[in-house]
Structure formats: structure tokens, C-alpha cells
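Shown next, in C-alpha cells, is the structure this report addresses.
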Amino acid sequence: MLPDSKISQLIGLQIPGLSFPMQQLTAKEKVSKVIHTFADYTGNMIRHEQLQEVKRCFTIAGVLYRNGSSAVRNAIESVFIYALSPILCTQHRDMLPSSLRTVRIQHLQTIAL
């Protein structure tokens, strides 16, 4: 399992565009704030049609979801997916790892009730 205190460092290393913003977050920042910054960046990449970068972000989110603590998994579900769901078109949805597609579908079913 990935330690929560290393999530911002991992994201910063994998996504050069987030290197500086992630360095500004302290190791003690809440996981939700780190994931919120990650979601904002991903949303900007979606809006600017930077598909390779979107795919990279989705891949990293999938790894975090699969290997993170319950706090990381919860943040991916409630912050990342929640923030991005309204702006995802079919092309973007197809890039989501299957685990995150399932989370998104569950999220949409919940809000449709």
C-alpha cells in the first residue's frame, strides 16, 4: 500500500505539470487536498484536449485507487471522480481504467436516485 504522505510526491514525479504544485503541498496535507489539485489539473487537460496527459492522469488515478489506503480510495471516489464526471465525454470515459469506470457508474447511479 502506498503511504498517504507520499501521494503528492508520487503524483509530482509522474506528472511533470504537477511537480511544482505538489511540492507546495506538505506531506501532512490531507489526501483530499492532494487529490483535489490532481483533479483540477486533469480537468484542465480534458478541457484543452490534451489526451495523452489525460490518459496519464487516469492511469495514475487507477494506480492510486488500486494501491492506496482507504483515505486515498475515498478521495479518488469522492473528489476525483465527482469533479470530473460532468466533463467526461465518451472519448474520455473510454480512457478510464476499468476500476474507475465502475466507480463512476456507481457515482452516477447514486446521484440519479
Flag the pair H92 / L84 as yes when at least one side-chain heavy-atom distance between them is below 4.5 Å, and no otherwise.
no
### Query
So, do I60 and I15 sit near enough that their side-chain heavy atoms are less than 4.5 Å apart?
yes
- Query: Can you check whether Q24 reaches T37 side chain to side chain, under 4.5 Å on heavy atoms?
  - Reply: no
Quick one: does P21's side chain get under 4.5 Å of L18's, heavy atoms only? yes
CZ of R66 to CD1 of I76, rounded to nearest 0.5 Å, is 11.5 Å
With sequence neighbours left out, the residues meeting ring pair (Phe, Tyr, Trp, His ring centres under 6.0 Å) with F58 are none
For this session: Look at the side-chain heavy atoms of Ile, Leu, Val, Met, Phe, Trp and Tyr, link any pair under 4.5 Å apart, and say whether I87 and V103 land in one connected group.
Result: yes
Given the rule that I, L, V, M, F, W and Y join up when any side-chain heavy atoms are under 4.5 Å apart, are I11 and V63 in one cluster?
no
In this structure, CG of L10 is separated from OG of S5 (nearest 0.5 Å) by 11.5 Å
Determine, stepwise, if the pair L100 / R104 fulfils side-chain contact (heavy atoms from CB on, under 4.5 Å). CA-CA 6 Å; L100 296 184; R104 183 176 180 274; over 6 Å; no
**Request:** Compare all side-chain heavy atoms of I7 with those of V72 and state whether any distance is below 4.5 angstrom.
**Result:** yes
| query | If Ile, Leu, Val, Met, Phe, Trp and Tyr residues are connected whenever their side-chain heavy atoms lie under 4.5 Å apart, and connections chain through other members, are L2 and L25 in the same group? | reply | yes
Worksheet entry | Test item: side-chain donor near acceptor, T59 and R56, under 3.5 Å | no
Rounded to the nearest 0.5 Å, the SG atom of C57 sits from the CG atom of L96 at a distance of 11.5 Å
- Co-membership, hydrophobic cluster, residues M45 and Y82, 4.5 Å side-chain: no
Shortest non-hydrogen pair, D94 vs R101, comes out as O-NH2, 3.4 Å
So CD of E77 and OG1 of T102: to nearest 0.5 Å the spacing works out to 11.0 Å
Going by heavy atoms in the side chains, are Q91 and E49 under 4.5 Å from each other? yes
* Report yes if the side chains of L64 and F38 come closer than 4.5 Å at any heavy-atom pair, otherwise no. => yes
